[in-house]
Chemist: 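Handing you this structure, nothing more for now.
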Amino acid sequence: QVELAESGGGLVQAGDSLRLSCAATGRRHFGSYAMGWFRQSPGKERECVAAMTWTGQTTYYADAVKGRFTVYRNNAENSFHLQMNDLRPADTAVYFCAADRSPFFSTAASEYDYWGQGAQVTVSS
């Protein structure tokens, strides 16, 4: 069992930056898992904003965040991160870290096996 926990959310102004981190707890780690970051805002479906294969060789970014967000991982430390720059009010959402047992990432939330509880990111105008 892999247990995930997000940290680093908060309230910021438009144009600011935040760094979200995902840490694994328990006896297992996600060093060989594909990882993804999802977000969900009121009235909207949960969407994948970034994902990465376990090797980090292949990454995905949603068009809405491309060029502003960067995903990276440290398998040795069992950590997964999302650097968010130039934040906008439209980025306001609860952000979730997710892990897929497959080493190949997916953008579909239903494909992920483990989830964190979410971290609130609020961007004011």
Side-chain angles (χ1 to χ4, degrees):
Q1 181 71 28
V2 176
E3 299 178 1
L4 307 177
E6 303 93 343
S7 62
L11 173 63
V12 299
Q13 294 182 331
D16 287 351
S17 297
L18 281 175
R19 178 176 179 265
L20 297 180
S21 296
C22 176
T25 60
R27 300 185 66 181
R28 294 181 180 271
H29 61 81
F30 50 70
S32 62
Y33 293 179
M35 304 295 299
W37 284 99
F38 292 76
R39 69 184 182 186
Q40 187 167 23
S41 57
K44 296 183 178 181
E45 298 180 351
R46 185 171 299 185
E47 63 173 338
C48 182
V49 297
M52 176 180 285
T53 58
W54 78 276
T55 63
Q57 188 172 14
T58 302
T59 57
Y60 162 84
Y61 295 97
D63 289 342
V65 307
K66 191 173 299 182
R68 298 187 297 117
F69 290 11
T70 302
V71 64
Y72 59 99
R73 67 193 299 170
N74 188 320
N75 291 338
E77 298 179 354
N78 296 331
S79 59
F80 186 53
H81 310 274
L82 182 68
Q83 178 66 43
M84 304 182 293
N85 296 327
D86 190 23
L87 284 162
R88 306 165 182 173
D91 296 319
T92 296
V94 177
Y95 284 73
F96 298 88
C97 173
D100 187 344
R101 293 178 183 178
S102 169
F104 308 104
F105 69 80
S106 172
T107 60
S110 61
E111 295 297 321
Y112 284 78
D113 302 295
Y114 307 102
W115 293 84
Q117 293 184 323
Q120 178 69 48
V121 173
T122 302
V123 185
S124 63
S125 300

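Below, all heavy atoms of this structure are taken into account, side chains as well, without hydrogens, waters or symmetry copies.
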Chemist: Any idea which heavy atoms bring Q83 and R19 closest together, and the distance?
Modeler: OE1-CB, 3.5 Å

Chemist: What distance do L82 atom CG and E6 atom CD have between them, rounded to the nearest 0.5 Å?
Modeler: 11.0 Å

Chemist: Indicate the atoms forming the closest heavy-atom contact of S17 with N85, along with that distance.
Modeler: OG-OD1, 2.9 Å

Chemist: Can you name the residues that form a side-chain contact (heavy atoms from CB on, under 4.5 Å) with F104, not counting sequence neighbours?
Modeler: S102

Chemist: Can you measure from CE (M84) to OG1 (T70) and round to the nearest 0.5 angstrom?
Modeler: 11.0 Å

Chemist: Quick one: do M52 and F38 end up in the same hydrophobic cluster if we chain Ile, Leu, Val, Met, Phe, Trp and Tyr together by side-chain heavy atoms under 4.5 Å apart?
Modeler: no

Chemist: Less than 4.5 Å apart, side chain to side chain, heavy atoms only: is that true for W37 and C97?
Modeler: yes

Chemist: For a quick test of reading the model, state the closest non-hydrogen atom pair linking S106 to Y112 and the distance between them.
Modeler: O-OH, 2.5 Å

Chemist: Might you point out which heavy atoms bring V71 and A51 nearest each other, and give the distance in Å?
Modeler: CG1-O, 4.2 Å

Chemist: Can you name the residues that form a side-chain contact (heavy atoms from CB on, under 4.5 Å) with A62, not counting sequence neighbours?
Modeler: Y60, V65

Chemist: For D91, give me all partners under salt bridge (charged side-chain N to carboxylate O under 4.0 Å, His left out), at least two apart in sequence or on another chain.
Modeler: R39, R68

Chemist: For T58, enumerate each residue passing the side-chain contact (heavy atoms from CB on, under 4.5 Å) test, keeping only those at least two apart in sequence or located in another chain.
Modeler: T53, F105

Chemist: Per the salt bridge (Lys or Arg N to Asp or Glu O under 4.0 Å) rule, what does the pair list look like for residues 54-64, sequence neighbours excluded?
Modeler: D63-K66

Chemist: Could you measure the distance from the CG atom of L87 to the OG atom of S124? Nearest 0.5 Å is fine.
Modeler: 10.5 Å

Chemist: I'd like to check the side-chain contact (heavy atoms from CB on, under 4.5 Å) partners of V94; sequence neighbours left out, ordered by chain and number.
Modeler: F96, Q120

Chemist: Which heavy atom of S21 sits nearest a heavy atom of H81, and at what distance?
Modeler: OG-ND1, 2.9 Å

Chemist: For the OG1 atom of T59 and the CZ atom of F69, what is their distance to the nearest 0.5 Å?
Modeler: 14.5 Å

Chemist: Which value, rounded to the nearest 0.5 Å, describes the distance between S110 atom OG and R46 atom CZ?
Modeler: 11.5 Å

Chemist: Look at the side chain of Y33 and the backbone N and O of A98, then say whether any donor-acceptor pair between them is shorter than 3.5 Å.
Modeler: no

Chemist: What's the spacing between Y61 OH and T107 OG1 if we round to 0.5 Å?
Modeler: 15.0 Å

Chemist: Can you name the closest pair of heavy atoms from Y72 and F80 and give their distance?
Modeler: O-CD1, 3.5 Å

